[in-house]
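Naming: A, B, ... by sequence-line order, numbering from 1 per chain.
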Amino acid sequence: MKLRLRPCGNFKERYIEELAIFETDFGRLWTLIGIVILFFVIPFLFGSYGLYVLNHIGIYAIAAVGLNILIGFTGQISLGHGAFFGVGAYTAAILMAKLGVPFIPAVILGGIMTSIIGLIFGIPSSRLKHLYLTISTLAGQFILEYIFVHWKSLTGGTEGIILPKSTILGYTLKGDRTFFYVIFMCFVLFLWIAKNIVRTRFGRAFIAIRDNDQAAEGMGIPVFRYKLLSFGISSFYAGFAGALWAAYTGSITPEPFTFTLSIEFIAMIIIGGLGSITGSVFGATFITLINELLSQLAAYLMNLKGLAGVAMTIAPLREFFFGLIIVLFLIFEPKGIAEVWRIVKSSFRLWPFSY
Amino acid sequence: MDFFLTLLVQGLSIGCLYAIAALGFVMIFKSSSVLNFAHGELLAIGAYIFLVISVWLKLPIYLAFIITFVGSFLLGFVIERLFLRPMIGEALIEVIMLTVGLAAMFKGLLLFIFSGNTYVYPNFLPAGLAVKIGSVSISPVYTATFLITVLFLIIFGLFFKYSSQGIYMRSVADSQTAALSLGVNVRRVFALSWAIASLVCAMSGIVLGILNGINVHDLSKMGLKVFPVVILGGLESIGGAIIGGLIIGVIETLVSGYFSTSLRDVVAYVILVIILMIKPYGLFGLVEIERV
Amino acid sequence: MENNIALLINNISVVYHDVIQVLKGVSLEVKKGEIVSLLGSNGAGKTTTLRAVSGLLKPENGRVTEGSIIFEGKPIHNQPPEVITRLGIIQVLEGRVPFKYLTVEENLRVGTATRWGKPYKEDLELVYYYFPRLKELRNRLAGYCSGGELQMLVIGRALMAHPKLLLLDEPSLGLAPFLVKEIFDIVKRINKEQGTTIVLVEQNANMALNIATYGYVMENGKIVMEGKAQDLKENPDVKEFYLGTTAKGLVKSYKDVKAYKRRKRWL
Amino acid sequence: MRAFRGEPSIYSNAQPAKRQAELKIENVTLSFGGLMALHDVNLEVKTGEFLSIIGPNGAGKTSLLNCITGFYHPQKGRIIFNGEDITGLPPHEVTKRGIGRTFQNIELFPGMTVLANIFLARHLYCNYSFVKASLFTRSVQDEEVNHRKIVEEIIDFLEMQPIRKKLVGSLPYGLRKRVELGRALALEPKLLILDEPFAGMTLEEKEDMVRFLREINTRWNQTTILVEHDMAVVMSISERIIVLNFGEKIAEGPPNVIKNHPEVIKAYLGEEA
């Protein structure tokens, strides 16, 4: 077999070669190496806290990838993804705690349930455009939040639900490392599916709708149906991630699924890069790490004897820095980490000859 | 019947508050099509400046007003210059996201300085503003709110319809390149609209503060409350913001009066979705002109 | 003699996004009170030249990297549009960009931006004098006007700014033949009666050379030919490639278009 | 025999039966808020015909095209395509039935390359399911490759090879019009509708365009409706011309009749044409 390297021009002889995700065998190789490292090295490098953070990154990345399909590819801004994440979490929790449904079907049903809810909230997109649609998804967020808190018989209100231990075929999932494998297997699968969706006719139709919906309609694309599909896919991703999260944390309350979480998801994909699947992963990593870092810092200061008094007042600065980082990022690298990554990659490829 | 009337008056008064809170928001949207997520924080900043000057520094009220207005006008200018100007030419969603970042920054700072406590202003409104219609009495705060709302409605209506600067602002929102080609100073338009918006926010923040006390969390929540109000009326319409405010104010009060208070916060959004499905550009918004 | 020159473009190069070079040493000269037309195929750099003069390169991430643009003795290259428009240079954009949500009259009022605070009523009357149709439409939203009306509107809007130099980009685009004629007549009248210097970029070379006094032909970011409008009209190459008249002077028909592409000699 | 230049297989291999395009417009009336855009317009197009529609700006030409393609829905009248009433259908359904179009103000997807723009039009012919697509199975790959080949043929045919990978947003006006034509061709339309495809082009580019249009019309019997202002082009390539003014049809006939029609000269061409 001939090893494919990056050519200095376009020498592809068959169109199939252009369809490949990776242009060179090196790309494929690196991905393979990456996956090996991900599953065989990383779980043993980190302690329980490190894995806890990684697991969160994996879960958020799944949700962010889904959201990027909706916002970055289809151009429909949703401010309700925090609540969608919650719908998945609640569905899984209710199924597992009240009906004794096993882990796998519960998580999948969590995704499906959310995607139904997502479709319902996507219906206004038939008539609403741009910011009007955005605000109607904001309405969705608040309506769902209200339901989480007030439908006590189902959701347990503010007290929430405690989930039983998750089991797969009789094997009980416990500990961060086991969950790491479950989460990251889903992560790899969902990433691959997302890549496939965006490089086939569905992805092309999404981009067409984003760029010019009138022309898309004229090219025979049923715009509304595709918008709904996009809502469905992205809310499935969010719900699935939410369900994983619920199973992982073991108990849920309405508290995390607020508007702030929606905003954090959007921050992830914008910082990662709109319309970039890999970017969403970077974004999820970045935001999760920042969040952890800032709260660790606050906790650390809180524990220092002399500073305990001051620490309480320093806590709000966490929010300040979070905002500041987003602002700085947008001002200095509005195309997101994906763009930085692209530049790094291409300069590495051409090194030592820039240009 | 009396109960209903009381609720109605109360609802209308709250509606006026929403309306006045929405004005600054519409101002920014009309000139740059940006949804400002930091709106609630701008309200809060205005309210706190006034608090510091009138209560902590104990300066006379009229001076406090003047300083607050000048200060927030400048603040709007600075915000535009520091944060929004570098974003000219970027996609709208990124600019909107930037205001989200700003919101977090301001909220963090305000909490850091003032913490989450609630403060109150001294009562300085003249008692003569109290009005009694039949069995329903209206407190001075509401009368003042109503008067200010009407005043702003007239000023802004005239400004956007007839003044050159107002027309330039609308032209920039419509097409930046065309506006540039005719020599409209786009940067100045943006700066001015943020400055004016910030001033209006300070006004609204003070009014809200008089009524409910000043609390960072409450005021920043108010920033989100503004969304259904302006969308209901139609994003570009000042009159729409006021009517949207009144509708939502009345319905909220009626719902919490007759059903339950917990429904209060969510009912605005339910109404919003229903109305948008019937009128996709709000009650008074510009219908998008699309030609193929 | 020097004072007679309104605009002097001196060997300019323009680069977009720091990499794509569009103009490679373009020089041209426009005398006060004349109409100069700029011909050439799509992508030759005509619009870019206009943008370089009006300062609208910046928002498109373009820059004049070499050479200079002198307007009435002052260098103006790489100045922001707010500054350039205040000197009296107004560009009418290609493809007619109206403010869709403003009425016709409000659109015209935006034209007064360079003279903010000065009375504008008389200017409105002047525009209505040239374009009586606009007066009938004054309260209609521009988004609902037809192509011809919009073209009148955008030229009228530029007139409101009292331009000394008017840059017109493809005024005839997508207009019916009689409207094209009407628009060009008005442009000619504006030039005569107001003494406005005009640079005209146009695909309809016939019309453009009819009203112009001098013409330039651009290809691939360079000026490849220039001369008096009359002379250009007689030039066989211009005739063949831009005017579409055959040697006999008849309007060309596309009946005998060959199955292969002809090439210009100077490419 | 292969031509010296790209010959799209969607044309050269197409069955004549598949190219049938009979359009009948009966008494179509359209008004916007009191403004009459079209008034009682009748027209007929036969398979293989090249019909042009001319008229002053605002005469209703584009409105008529929009009625045919489903962007507007006329208040009165019927539009019948190949025996089927398509009057109330949404645009994507009309496209599915074999009517492809270009737009007056160029409605491309600026964020995509030329290739991707044209590829998008193949959407109608991508038959794989969502599940298969998300797993990117072998059959999906084969189909994609197939479409890619067709797209490349169209690019070859329209002589756009050098700009295949360029973003459409960065192209000059005349080339964008050509990309739009390519995109419409990729739809394999039975009826091709072109809205001012010659606007903003130089003579040379117009010649190219005429060449393409004539080739698909004469060699492959492509039924075409053209709206255009350039009289020289219209007169030399159309078989039949329809003149609209103020939403009404004022004349119809072959080019030489239209050229000398007094009403047409008065309303459209100006005194001296």
Side-chain angles (χ1 to χ4, degrees), chain C residues 16-17 20 22 39-48 60 94-96 140 144-151 169-170 172-182 202-206 219 238-245 250-264 267, chain D residues 3-5 32-33 35 54-62 104-106 159 163 170-178 195-196 198-211 213-215 227-237 245 255 265-273:
Chain C
Y16 281 107
H17 301 282
I20 310 159
V22 181
L39 310 175
S41 50
N42 275 298
K46 303 180 306 264
T47 300
T48 305
E60 305 265 293
E94 178 183 20
R96 308 183 267 275
R140 181 177 305 175
Y144 293 117
C145 291
S146 77
E149 291 157 3
L150 287 182
Q151 190 58 52
D169 200 348
E170 302 241 12
S172 78
L173 190 73
L175 295 187
F178 80 96
L179 260 176
V180 175
K181 223 176 139 308
E182 196 180 323
E202 194 38 79
Q203 295 294 1
N204 191 334
N206 257 319
E219 287 296 339
V238 174
K239 265 188 187 165
E240 187 179 352
F241 288 108
Y242 299 100
L243 295 174
T245 40
L250 295 169
V251 172
K252 183 183 164 63
S253 145
Y254 290 86
K255 285 231 163 68
D256 47 351
V257 166
K258 298 181 189 71
Y260 56 89
K261 200 180 166 91
R262 294 175 301 153
R263 304 229 6 127
K264 290 175 190 147
L267 288 183
Chain D
F4 58 93
R5 185 156 64 77
F32 305 104
L35 221 75
I54 60 172
N57 297 82
K61 299 172 307 259
T62 301
Q104 185 179 8
N105 298 318
I106 308 190
E159 294 166 1
I163 55 162
S170 69
L171 295 177
Y173 201 83
L175 277 178
R176 286 193 221 179
K177 288 258 165 192
R178 199 183 285 192
D195 198 352
E196 300 193 18
F198 292 90
M201 286 193 168
T202 53
L203 201 67
E204 197 185 358
E205 289 159 338
K206 282 181 184 168
E207 278 182 11
D208 285 345
M209 204 73 166
V210 167
R211 211 147 42 85
L213 292 184
R214 183 171 293 159
E215 194 165 329
V227 165
E228 183 49 51
H229 283 305
D230 189 311
M231 280 304 105
V233 170
V234 170
M235 293 298 168
S236 53
I237 59 174
N245 195 19
I265 295 176
K266 196 169 133 246
Y268 184 56
L269 301 172
E271 305 89 283
E272 7 134 40

Peer 1: Please identify, among Ser172(C), Gly174(C), Ala205(C), the residue contributing the most non-hydrogen atom pairs under 4.5 Å to chain D.
Peer 2: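 Result: the option with the highest number of such pairs is Gly174(C).
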Peer 1: Between Glu202(C) and chain D, with a heavy-atom cut-off of 4.5 Å, which part of the residue counts as in contact: side chain, backbone, both or neither?
Peer 2: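 Contact with chain D is absent: no heavy atom of Glu202(C) under 4.5 Å.
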Peer 1: Does Leu213(D) have any side-chain contact (heavy atoms from CB on, under 4.5 Å) partners at least two apart in sequence or in another chain, and if so, which?
Peer 2: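 Counting only residues at least two positions away or on another chain, Leu213(D) forms a side-chain contact (heavy atoms from CB on, under 4.5 Å) with Phe50(D), Leu181(D), Leu194(D), Phe198(D), Ile216(D), Ile237(D).
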Peer 1: Does Asn57(D) use its side chain to pair, donor to acceptor, with the backbone of Ala176(C) at less than 3.5 Å?
Peer 2: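 At least one qualifying donor-acceptor pair exists.
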Peer 1: Nearest 0.5 Å, what's the CE-CG distance between Met201(D) and Asp208(D)?
Peer 2: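 Here the rounded value is 8.5 Å.
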Peer 1: What part of Leu179(C) lies closer than 4.5 angstrom to a heavy atom of chain D: side chain, backbone, both or neither?
Peer 2: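 For Leu179(C), the side chain is the part near chain D, not the backbone.
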Peer 1: With sequence neighbours left out, write down each residue that passes side-chain hydrogen bond (donor to acceptor under 3.5 Å, both in side chains) with Asn204(C), or none if nothing qualifies.
Peer 2: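 side-chain hydrogen bond (donor to acceptor under 3.5 Å, both in side chains) check on Asn204(C) returns nothing, list empty.
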